[in-house]
Amino acid sequence: MEKTEAWSLYWQNNHQESCITKSNTEDHVILSDIWRCFSLQLRHCSTVLDLATGNGSVARRLLQFNKSLKVTAVDRASIDPKKYTDASVLLSTVHFIPDINIQKLPFDDCVFDAVTSQFGLEYSKLNLSIPELVRVLKHKGQFLFVIHHEDSEVVIPAKDKIKEFNLLLASGLLDNFELFLAGSLTLQQLNEEGEKILNNATWSKSDAITGQVFLAIDKLIQLKNQNQNLVVILKAFKDMKTRIDAENSRLNQLILASLSKDKVQKLCTSLEKLGTKVSFKLIQLNDNAGVMGWKIRGYKL
Ligand SMILES: C[S@@+](CC[C@H](N)C(=O)[O-])C[C@H]1O[C@@H](n2cnc3c(N)ncnc32)[C@H](O)[C@@H]1O
């Protein structure tokens, strides 16, 4: 699946953000705090450009603490939070622009008081996106980026999830289901093959991946048993495979985007060479529970 399509599907599915779970309160508190501090020191009515915005997670957090900000938010995916999500009223003033590659920004030089990104900038080709973001920033304009760390609490589990997806797909589970739909495998044979896969699985089976896929197939079997129209079942099966491909693609992109300390240092050097003052630090979780990412801050000289 094409990289951008995987994100378009995700954002059109009413997700508020990615790379943190709804239930992980600590992540929310840490990120809210970062964006609260940043928004409060921006002048009244400052213009902010949020890069790779998704469904506007950063915009929402900034506006929560400083409603005067004029936020423009761009993403390469076909985003439209006001259409596809239960968008918070806070986002009503945000100018969202879909289908924008941050490697070539459609703005004049020196127009924004601030540029932000949360788990977004590092997905782009940095040698192209960094000059662009500096170009559109006003002199004395500020930037703050939250970036994936190569060993963060999001990146480490993502590697296990990819392994699980790949082994599950290689097990033949989906192929067997297709044979069943085509009438080449009986229900009993399908169930026996499913049991074999589960019993012989060499991967650690999570509820979120193996569990969900087995559940989805069970539901499709029920539809077949209820003599539901084959076209409907095939469509549901195709949608399920698309969701699996999209999740796999996003996880692979996440791993590739995550940065080591050396790479963050290189990113900061590139920013400095373009006439900015910059510093970076680790964003750590409480009680030595690992890291969330990198925070890069600075301003254009
Ligand atoms: C992990 S999501 C983060 C979204 C949002 N900032 C958040 O924190 O919820 C990464 C986003 O980067 C976008 N993206 C990746 N490469 C991009 C590029 N070259 N230009 C613009 N957006 C890009 C993807 O479409 C995706 O929405």
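Bear in mind that the values here come from a model prediction, so they are computed numbers and not experimental data. Counting convention: from 1, in listed order, for ligands and their atoms alike.
Within the listing of ligand 1, atoms 1 (C), 2 (S), 3 (C), 9 (O) sit less than 4.0 angstrom from a heavy atom of Ser18. Using a 4.0 Å cut-off to heavy atoms of Gln103, the atoms of ligand 1 that qualify are 19 (N). Shown in contact with Ala77 at under 4.0 Å from a heavy atom are these atoms of ligand 1, numbered in order with element: 25 (O). Listed by number with element, the atoms of ligand 1 under 4.0 Å from a non-hydrogen atom of Trp11 are 2 (S), 4 (C), 9 (O), 26 (C), 27 (O).
The closest protein non-hydrogen atom to atom 18 (C) of ligand 1 is Asn101 OD1, 3.6 Å. Regarding atom 20 (N) of ligand 1, its nearest protein heavy-atom neighbour is Ile102 N, 3.0 Å. Counting only heavy atoms of the protein, atom 15 (C) of ligand 1 lies nearest to Tyr123 CB, 3.4 Å. The protein heavy-atom contact nearest to atom 10 (C) of ligand 1 is Phe119 O, 3.3 Å. Distance from atom 14 (N) of ligand 1 to its nearest protein heavy atom, with residue and atom name: Ala52 CB, 4.0 Å. Of all protein heavy atoms, the one lying nearest to atom 23 (C) of ligand 1 is Arg76 CB, 3.8 Å.
Note on ring orientation: taking the six-membered ring where Trp is involved, the planes of Tyr123 and His148 are perpendicular (angle over 60°, cut-offs 30° and 60°). Note: Phe107 and Phe112 have perpendicular aromatic rings, judged against thresholds of 30 and 60 degrees for the angle between ring planes. Relative orientation of the Trp11 and Trp7 rings is parallel, given thresholds of 30° and 60° on the angle between their planes. Ring planes of Phe38 and Trp35: perpendicular class, angle over 60° (limits at 30 and 60°).
Within 6.0 Å of the NZ atom in Lys159, the count of heavy atoms belonging to other residues, nucleotides or ligands exceeds 12.
With Leu31, Val146, Thr53 as candidates, the residue nearest to atom 5 (C) of ligand 1 on a non-hydrogen basis is Thr53. One option in Arg60, Gln16, Gln118 has a heavy atom closer to atom 7 (C) of ligand 1 than any other, and that option is Gln118. Among Leu105, Thr4, Ile100, the residue whose heavy atom sits closest to atom 21 (C) of ligand 1 is Ile100. Of the listed options Asp75, Asp50, Val58, Asp75 places a heavy atom closest to atom 24 (C) of ligand 1.
Counting only N and O atoms by type, the side chains of Gln142 and Arg297 include a donor and acceptor under 3.5 Å apart.
With Arg250 contributing its side chain and Ser18 its backbone, the two residues share no donor-acceptor pair below 3.5 Å. Of the possible donor and acceptor atoms, one in the side chain of Thr276 sits under 3.5 Å from a partner among the backbone N and O of Leu271. A donor-acceptor pair is defined here as one N or O able to donate and one able to accept, closer than 3.5 Å; no such pair exists between the side chain of Ser78 and the backbone of Ser8.
Here the closest non-hydrogen pair linking Ile147 and Glu122 is CA-OE2, 3.2 Å.
Any N or O atom pair closer than 3.5 Å counts here, and Ser124 shares no such pair with ligand 1.
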